Amino acid sequence: MLTRAAAVEFAALKMPIRVNSVHPGVVVSAMMDDILATYSRITGGTPVETLSAGVVAGDPMGRFVEPAEVAEAVAFMASSAARYVHGDAIHVDGGYAAA
């Protein structure tokens, strides 16, 4: 909602600023590794692989998002190819938000 509100506001003010957002799913990263390790400790040593499989099971495409996939979405939104995309959100989450 913030993305759309800001897009409408900037357009009404005739400001040449496009407002969009990118919403990644669970990304393969050191941060996710740390989160899984923390949950492993909290749950009494549940294997990280088991926790990871549980997260992946909730994703329609059955895997984590690769950082490059998020970067490519951001690059598209910043490019002239998206020059008339305004007030929109791209979910780079393998369909999680749609499920």
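The chain is numbered in sequence order, starting from 1. Being a predicted model, the structure only gives us computed values, none of them experimental.
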Which atoms form the tightest heavy-atom contact between [X] and [Y], and what is the distance?
| X | Y | result |
| --- | --- | --- |
| Val70 | Pro24 | CG2-CB, 3.7 Å |
| Arg83 | Ser80 | NH1-O, 2.5 Å |
| Ala11 | His86 | CB-NE2, 4.1 Å |
| Asp93 | Ala97 | OD2-N, 2.8 Å |
| Val85 | Arg18 | O-CD, 3.5 Å |
| Phe76 | Ala82 | O-CB, 3.3 Å |

In one Ile/Leu/Val/Met/Phe/Trp/Tyr side-chain cluster, 4.5 Å: [X], [Y]:
| X | Y | answer |
| --- | --- | --- |
| Phe64 | Val27 | no |
| Met31 | Val28 | yes |
| Met77 | Val19 | no |
| Met32 | Val48 | yes |
| Tyr39 | Val55 | yes |

Exercise. Just wondering, do Ile90 and Asn20 contact through their side chains at under 4.5 Å, heavy atoms?
Worked result: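 No - every pair of side-chain heavy atoms lies 4.5 Å or more apart.
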
Within this structure, what is the [atom1]-[atom2] distance for the pair [X] and [Y], rounded to the nearest 0.5 Å?
| X | Y | atom1 | atom2 | result |
| --- | --- | --- | --- | --- |
| Arg63 | Ser52 | CZ | OG | 13.0 Å |
| Thr43 | Leu51 | OG1 | CG | 5.0 Å |
| Thr46 | Arg41 | OG1 | CZ | 12.5 Å |
| Glu72 | Ser79 | CD | OG | 12.0 Å |

Exercise. Is Glu9 salt-bridged to Arg4, cutoff N-O under 4.0 Å?
Worked result: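 So Glu9 does not pair with Arg4 through a salt bridge.
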
Exercise. Do side-chain atoms of Thr38 reach the backbone of Asp34 as a donor and acceptor pair under 3.5 angstrom?
Worked result: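 Yes, Thr38 side chain to Asp34 backbone: donor-acceptor pair under 3.5 Å.
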
